[in-house]
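Have a look at the structure below before the remarks.
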Number of protein chains: 2
Amino acid sequence: MASGVTAQTGQRRKRLNFDERRQEFIAAAIEFFAEEGFESSTRELARRLGVTQPLLYRYFPSKEDLIGEVYETVYVNRWRDDWDAMIADRSLPLRERLIDFYDSYTDVVFRRDWMRIFLFSGLKGVDINRRYLGRVRERILDPIVRECRHADGLDDLTPLPQEVEYAWVMHGGIYYYGVRKLIYEGGTLDRKRFVIETSVDAFRAQLSTLRDGTSPIRW
Amino acid sequence: MASGVTAQTGQRRKRLNFDERRQEFIAAAIEFFAEEGFESSTRELARRLGVTQPLLYRYFPSKEDLIGEVYETVYVNRWRDDWDAMIADRSLPLRERLIDFYDSYTDVVFRRDWMRIFLFSGLKGVDINRRYLGRVRERILDPIVRECRHADGLDDLTPLPQEVEYAWVMHGGIYYYGVRKLIYEGGTLDRKRFVIETSVDAFRAQLSTLRDGTSPIRW
DNA sequence: CACCGGATTTATCATGCGATAAATAAGATT
DNA sequence: AATCTTATTTATCGCATGATAAATCCGGTG
């Protein structure tokens, strides 16, 4: 088949420069590996792209390098830098901030490709998942706990370990809603708003009782 | 190498009957596939068992059949039938029942092999995950909500959809604690008890406000 | 001891994989 | 129009995979 003509449609395609073409391949790789797993073949990926398999090796030295680009694009590029500000903007009520943040955050992660890539790479034991979760803790959960402490009139904003652990539980509860709907049930996210509001409210209420020691467990 | 002598140690092994040998293979397959994924080779599995690869086909018609046995053993055989009774035993306080149940439930699912098998099979899109979650809902979450309604003095115990959805969130929060520790962080579960108690307490408190409509969201 | 039957291994097939080298096609440059 | 450049394809290598058939081993039985 001639170049500049896609395999599937036979349509003429504009010739892209190296970087654009590379990005096109990465985008297709995300979709492909998210659905089929990283063990799927470069031949099948090339077939879906309408090119031959050796062409991929013109743009990426190895399959593992291509997968690395997939990680980078999904985990790093989709992270939104305004999340910090959303959480910390004290001109708004804390409840509103947390709900707005999780609305925005789940717009990013409640996507089939994001979740499946995350699950696949986590099972491979790649270090990037650990790094991502470290970032969640530092830039999301710690700040949330700090804002809660501030809203509750505490002077020392330093998060207690049990506060962070419980923030993980709230976070996980919301996240697992997405996993269940998108990965297991294949359904819609029409109760996302309810889940976020309920989780945030329950978290805030429980966090105080956790702190002032009325909870039966202390560390 | 002669039969009855393991490949690795050269030790003599007692000759097992067909069913015992089969179970031995399944147990090894669980460990192996949990760690390496279902795409890993039957040759490597056989190597770890100290037998040759074609021997597996004496006990299982195909790799897919062996994997089916893995599912069956992990999902069905490890389910404990006394969980229903633990949740419904009204001679004990509800809080205690829920905590005891989740202690027991997480003893089963907070295991690296269980979780990884579940994640791998879920990503494969096998139907067994959906069936498992259906069972969780019917035999765990619905009963929990019913017991909460009973404890709150309601006559109609029929769970409302938002009650069940929120029960899923609590369940997911606890579950995700295990995933995070066992899959991503590779750490210990030393805060399991705290996570369960906090989640259960927050759930019970939030469930009432959810029900009597003080929550800002209604369906 | 001789023999039978099932457990296990050896040998092999067809297929698919990641990767590389060489040939070709097509747009850009002069 | 002729030439250069590079994107893309064709051909191929070495290796691993799931699966099958035939040979071999070995414990149990007479």
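Proteins get letters first, then strands, A, B, ... in listed order; numbering begins at 1 in each.
- Between Asp127(A) and Arg130(A) there is a salt bridge, since at least one side-chain N of the basic residue sits less than 4.0 Å from a carboxylate O of the acidic one.
- A salt bridge is absent between Arg97(B) and Asp89(B): the closest approach of a Lys/Arg side-chain nitrogen to an acidic carboxylate oxygen does not fall below 4.0 angstrom.
- Phosphate proximity of dT8(C) to Tyr59(B): present, with a side-chain N or O under 4.0 Å from OP1 or OP2.
- When the P atom of dT20(D) is taken as reference, atom CZ of Phe60(B) falls 15 Å away, rounded to whole Å.
- Ring to ring, His171(A) and Tyr177(B) are not that close: their centroids are 6.0 angstrom or more apart.
- Counting only heavy atoms from C-beta outward, the side chains of Glu36(B) and Glu31(B) never approach each other to under 4.5 Å.
- Ring geometry for Phe118(A) versus Tyr132(A): interplanar angle over 60°, hence perpendicular rather than tilted (30 to 60°).
- Between Asp84(B) and Arg139(B) there is a salt bridge, with a side-chain nitrogen of the basic residue lying less than 4.0 Å from a carboxylate oxygen of the acidic one.
- Ser104(B) and Asp107(B) are not linked by any side-chain donor-acceptor pair at a separation below 3.5 angstrom, with hydrogens and angles left out of the test.
- Comment: Glu163(A) engages Arg149(A) in a salt bridge, judged by a side-chain N to carboxylate O separation of less than 4.0 angstrom.
- Arg58(A) places its CZ atom 16 Å from the P atom of dT10(D), with the value rounded to the nearest Å.
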- Query: With the sugar-phosphate defined as primed atoms, P, OP1 and OP2, and the base as all remaining atoms, what B/S/- string results for nucleotides 11-20 of chain C, 5' to 3', for protein heavy atoms under 4.0 Å?
  - Reply: BB----BBBB
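- To the nearest angstrom, P of dA11(D) lies 17 Å from CG of Leu55(A).
- Across the protein-nucleic acid pair, Asp19(A) atom CG and dT6(D) atom P stand 14 Å apart, rounded to whole Å.
- Put simply, CG on Leu45(B) is 13 Å from P on dA19(D), counting in whole angstrom units.
- Rounded to whole angstrom, the span from the CD atom of Glu24(B) across to the C1' atom of dA7(C) amounts to 13 Å.
- Under a 4.0 Å N-O distance rule, the pair Arg191(B)/Glu197(B) does not qualify as a salt bridge.
- In this structure, Arg21(B) places its CZ atom 14 Å from P of dG27(D), rounding to the nearest Å.
- The terminal axes of the helix from dC1(C)-dG30(D) to dT30(C)-dA1(D), fitted over 5 pairs per end, subtend an angle of 0° to the nearest 10°.
- Residue Asn17(B) contributes atom CG, which lies 16 Å from atom P of dG27(D) at whole-angstrom precision.
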